[in-house]
Amino acid sequence: MFGSGPARAPLGERRYARVAVERAIEGPGAGEGLTYECTGQTLEVGERVEVPLGRGDRATPGVVVRLGGSELLDGFDPERVKAVLRSHGGGLPGGLVELAQWIAQYYVCPLGTTLSTMTPAAVKKRVGARTRKVLVRNGSEVEAKLSAKARDAWKRISGLDDASFPIGARDLAARLELASVREVNALVRAGMLREVDEAHVRVFGNAASDLDTSSLAPGAAPEPTRMQRSVIDGIGATLGSFAAHVLLGVTGSGKTEVYLRLIRRVLDRGESAIVLVPEIALTPQASARFRGRFAGEGVAVLHSGLSASERHAEWERVRRGGARVVVGARSAVFAPCERVGLIVVDEEHDTSYKQDQAPRYHARDVAIKRAQLVGCPVVMGSATPSLESFANGISGRAGWSLWRLSERVGGGAMPRVRVVDMAREREALRAASTGGYESSIGPTLRGALARTLREGGQAILLLNRRGFATYLACRGKDCGWHLACDHCDARMVVHRDRTLPRGSMVKCHHCLAEKLVPTRCPVCGGGLMAQGAGTQRVEDELSSWLGPEFGLEVGREVLRLDSDAMRGAADYFAALDAFARGRARVLLGTQMIAKGLDFPGVRLVGVLSADTSLLMPDFRAVERTFQLVAQVAGRAGRASAGGEVIVQTYEPELPAIRHAARHDYEGFAREELAARRDAGLPPSTRMARIVVRDEDRERAWSRAREIHARLEGAGARGLTLTGPMDCVLARVADHFRVGIEIVAPSAASLVGTLSSLRSEAGVSSDAHTAIDVDPLSLL
Ligand code: ADP
Ligand code: ZN
Ligand code: ZN
C-alpha cells in the first residue's frame with residue numbers, strides 16, 4: 001500500500017496523477033480527471049487504480065489519464081492532495097485513454113463512465129485473477145558478502161536479455177541450471193533481485209472450445225480473384241497510415257477473404273488487427289476462418305458465450321500480445337492491442353454497433369477515430385453500407401475511398417427475387433387460416449417452400465417480429481380496446497408459454513413487464529383476438545403443415561431462431577450447426593438469420609413481411625427495409641445451384657423493395673441520399689437527440705424546456721431545433737419521455753453546441769438526460 005505518510009517528499013519532487021474515477025462526475029475539470037499524488041509509485045497512463053473519494057475517502061476505482069509534476073495541481077494546495085491508494089497494474093494501453101477523451105467529448109458523456117465502458121466487467125472485477133511472485137533485476141553492484149556461487153549466478157543473470165524478466169524464482173534457477181533456489185533467494189535478500197506481483201488469470205469453464213465446430217472447419221486459403229486482388233492491393237497500399245475504406249461487396253463476393261489477406265500483411269508488419277462483427281455474426285463459422293488462418297499469431301474471439309474468467313483471460317492475452325488478431329462485437333473496438341495496424345468493421349451498417357446507453361457511441365465511428373489516432377487504415381465492409389458510409393466513400397474527401405466487389409466469387413448468380421403483393425393473396429391467406437388465425441404464408445411462398453423441400457433443399461424464412469402476436473385487441477367493432485402495458489405507452493406482445501394454463505402470456509418489450517392473458521375485453525366484455533403474427537405463430541403454422549405433409553418436426557428439422565428461443569450463444573451455435581449439417585431443413589427467424597450466414601444448401605429465402613420496419617416513425621425506415629430485404633436475399637443460392645427469394649409485402653412498388661429485389665444497392669442509395677438532402681436529414685446534416693425522462697411528466701417537460709432555451713441561446717448558426725415534444729414512446733417503465741432533436745449542418749457545429757451546453761449549463765448524459773449524438777433510434 002502506498003500512502004502519503006508523515007515523511008513526504010519535498011514539494012518539487014512530488015509526482016501527481018489525474019485519475020478519472022468510474023463514477024459519473026461532471027463539472028469543472030471532470031473531463032481531465034481528479035488530481036492525486038503518486039510520488040514514488042510507478043504508474044502509467046491507462047493504469048487502473050483506486051483513489052480516496054468523497055466524505056470518508058471511499059476507495060473508488062478509476063483510470064490514470066495523465067501523469068506529471070506540480071503543473072497538474074492547478075492551484076490546489078499540495079498538502080491537501082490525497083494519494084493514490086493502490087494500483088492494479090496493467091490496464092488500458094495509453095492510446096485508448098486519448099480515444100476515451102474523444103468519445104467523452106463527442107458523445108457528451110463523463111470521461112470516467114467512458115473509460116469504465118472500455119474495460120469488460122470481468123476485467124474490472126478481476127474474475128479468476130491470481131497473483132504470483134516473480135522476479136525482476138534490481139541492482140548491479142555486487143554485494144561483498146555474497147557466496148561465490150551467488151556471485152556467479154548474478155553474473156549470468158546480468159547476461160540474460162530483458163525479455164527473460166519478470167521470471168519466477170524456480171524458473172530462473174532452472175534456467176541457470178542451479179540445483180536449488182538458494183542462490184536466487186540470496187540475491188533477493190541482497191536486494192539485487194526484486195519480487196513483484198504478477199497477475200495471471202485462471203480460467204473456469206471452457207465455453208469457447210466446448211462448441212462443436214467440426215462441421216464448419218475452414219479449408220485452405222483460396223487464391224484471390226482478380227477483383228479481390230485489386231482491392232487487397234489498393235487498401236494494402238495504405239497500411240501504415242490513416243485511411244478509411246468503404247468496401248461495397250455483394251453477399252458472397254469474398255469480402256471476408258479480403259480482410260484475411262489484409263490482416264496477413266498487417267501481421268507480417270509486426271502489428272495487430274481488430275475485426276468487428278455484429279454480435280450475432282460471431283458464429284463458430286466466422287471464427288473458424290480467422291482461427292484457422294492465423295493460428296500462429298493467436299486469435300482472440302470475444303463473444304458473449306465466454307465465461308467471465310475466459311473473457312478476462314482473453315483480454316489479458318490480447319493486452320500482452322499473445323493474440324494479435326481480435327474478433328469481436330461492438331466493444332472489441334476497445335481491444336487493448338498495442339500496435340494496431342488495421343481495423344475491420346464488417347457489416348458496418350448493422351445497428352448493433354450503436355450502444356444504447358451512455359456512452360452512446362457507434363463502434364464504426366469510434367473505429368475510424370481509433371484508426372486516425374494510431375495512424376492505420378479502417379475497412380468498413382457491407383453489401384448494404386449505411387448511407388453515412390456510402391456518402392463518405394463517394395465524397396472524395398481526403399482519406400476516404402469506396403471499393404466495389406460486384407460479383408460473387410466463382411460466378412455464382414445473384415438469386416432471382418420475386419416480390420409478392422400480399423393484397424392479392426389476402427383471400428388465400430384467409431382461406432388457409434389455422435387455429436382461428438390467418439395464415440402468414442401466401443400461396444406463392446407456400447408453393448416454393450413445398451417444392452424446395454421436395455427437392456431436398458433448405459429454406460430460410462424471415463419474420464422480423466418475435467412473440468406469438470404483436471397485440472391483443474377487442475373483437476367488438478366499435479370498442480377499439482387493445483391491451484397496453486401499465487407502465488409504458490406501448491402495446492403488450494403475446495408470447496407463448498406452454499407452462500401456463502392458457503398457453504400464453506403478454507409481455508412488454510420495453511419494460512419487460514409480464515401478465516396473464518385476459519379472457520374478456522375489460523371495456524365491453526367482448527371476446528379478444530391476437531393480431532399481427534410473430535415468429536411463434538408462424539412456427540405453429542409450419543408445424544401443422546410441414547409435420548403431416550413432409551414429416552418435418554418443429555424443434556428438429558424446423559428451427560426457430562430468435563432471442564426468445566435462443567437462451568444463449570450455445571443454443572444459437574447448436575441451431576446453426578444443425579442447419580449446416582443439413583439435419584435442420586427450415587430456419588425461421590428474426591433478423592438474427594439475416595446476417596452473415598453462409599449455407600450452400602439454402603435454395604429458398606422467404607421474407608414473410610417486408611413491411612415490419614416501414615411503419616416506424618423514423619426517417620431511416622426505408623433504409624432499414626432495403627437492408628433487411630437485400631441482406632436476407634443474399635442468403636439464397638450462395639452455391640452455384642442458384643436460389644430463389646420471395647418477398648411478401650403490401651408495398652410492392654416501394655423503391656426500397658424494388659431496388660432490393662434487383663440487388664441494386666447503388667440505385668437505392670443515390671435515390672435515398674437525394675431525398676435525405678432535400679429533407680435536410682443525415683447524412684447531409686448531423687443530428688443529436690436529447691431525451692429527458694422523469695416519473696413526473698411536468699418535471700420532464702420543464703427540464704426539456706430549459707434545455708431547449710439554452711440551445712436557442714447558444715444560437716449556433718444553421719441549427720434546427722425540434723421540440724420539446726413527447727417522444728413516440730411517451731412513457732417507458734413509468735418514466736415520461738420528452739425529446740428535443742437538433743439538426744446541425746456539420747459535426748463540428750453539433751459538437752460545439754453540445755460542448756457549450758455542457759460547460760455552461762452542465763447538461764450531459766445522466767440518469768434523467770440522454771444525449772444521443774448521431775442517434776439511430778428516434779422512438
Ligand atoms: P462475403 O464476406 O463477401 O460474404 P466471403 O468472403 O464469405 O464473402 O466469401 C464467400 C465464399 O466464397 C466463402 O465460402 C469463401 O471461402 C469463398 N471464397 C472467397 N474468396 C474466394 C476465392 N478467391 N476463391 C475461392 N473461393 C473464395
Ligand atoms: Zn412496459
Ligand atoms: Zn371491447
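For ligands, and for the atoms within them, numbers begin at 1 and follow the listed sequence. A quick note: this is a predicted structure, and the numbers were derived from the prediction, not measured.
Across Arg229, Lys255, Arg408, heavy-atom proximity to atom 1 (P) of ligand 1 is greatest for Lys255. Between Gly254, Gly249, Gly381, Pro222, it is Gly254 that holds the heavy atom closest to atom 9 (O) of ligand 1.
Considering backbone and side-chain N/O atoms, Thr251 never comes within less than 3.5 Å of an N/O atom of ligand 1. An N or O contact shorter than 3.5 Å links Gly252 to ligand 1 by distance.
Taking a cutoff of 4.0 Å between a charged side-chain nitrogen and a carboxylate oxygen, Arg466 and Asp562 do not qualify as a salt bridge. A salt bridge is defined here as a Lys NZ or Arg NE, NH1 or NH2 lying under 4.0 Å from an Asp or Glu carboxylate O, and Asp772 with Lys354 meets this definition. A salt bridge links Asp486 with Lys515; the closest basic N to acidic carboxylate O contact falls under 4.0 Å. Checked for salt-bridge contact, Arg737 and Asp489 miss the test: no charged N lies under 4.0 Å from a carboxylate O. At a threshold of 4.0 Å, the pair Arg265-Glu271 does not count as salt-bridged, since none of the basic side-chain nitrogens sits closer than that to a carboxylate oxygen. In summary, Asp577 and Arg583 do not engage in a salt bridge, as defined by a charged side-chain N under 4.0 Å from a carboxylate O. Salt bridge status for Arg293 with Glu257: present, with a side-chain N to carboxylate O gap under 4.0 Å.
Looking at heavy atoms from C-beta onward, Arg465 lies out of side-chain contact with Thr535 at the 4.5 angstrom threshold. By the 4.5 Å heavy-atom criterion applied to side chains, His509 and Cys488 are not counted as neighbours. Side-chain contact between Arg603 and Gln458 is absent, with no heavy atoms from C-beta onward closer than 4.5 Å.
Residue contact check: Glu223 has heavy atoms under 4.0 Å from atoms 22 (C), 23 (N), 24 (N) of ligand 1. Of all atoms in ligand 1, numbered sequentially from 1 with element shown, those under 4.0 Å from a heavy atom of Thr225 are 23 (N). Atoms of ligand 1 found under 4.0 Å from any heavy atom of Glu257 (numbered from 1 in listed order, with element): 6 (O), 19 (C), 20 (N).
Ring centers of Phe290 and Tyr259: at least 6.0 Å apart, outside the cut-off.
At a heavy-atom distance under 4.0 Å, only side-chain atoms of Val409, from C-beta outward, approach ligand 1. When non-hydrogen atoms are compared, ligand 1 lies under 4.0 Å from the backbone of Pro224 (N, CA, C, O) but not from its side chain. With a 4.0 Å cut-off on non-hydrogen atoms, Arg289 touches ligand 1 through its side chain and not its backbone.
Of the angles at the Zn ion (ligand 3), the one spanning SG of Cys521 and SG of Cys524 is 110° when given to 10°.
Protein N/O/S atoms closer to the Zn ion (ligand 2) than 2.8 Å number 4 in this structure.
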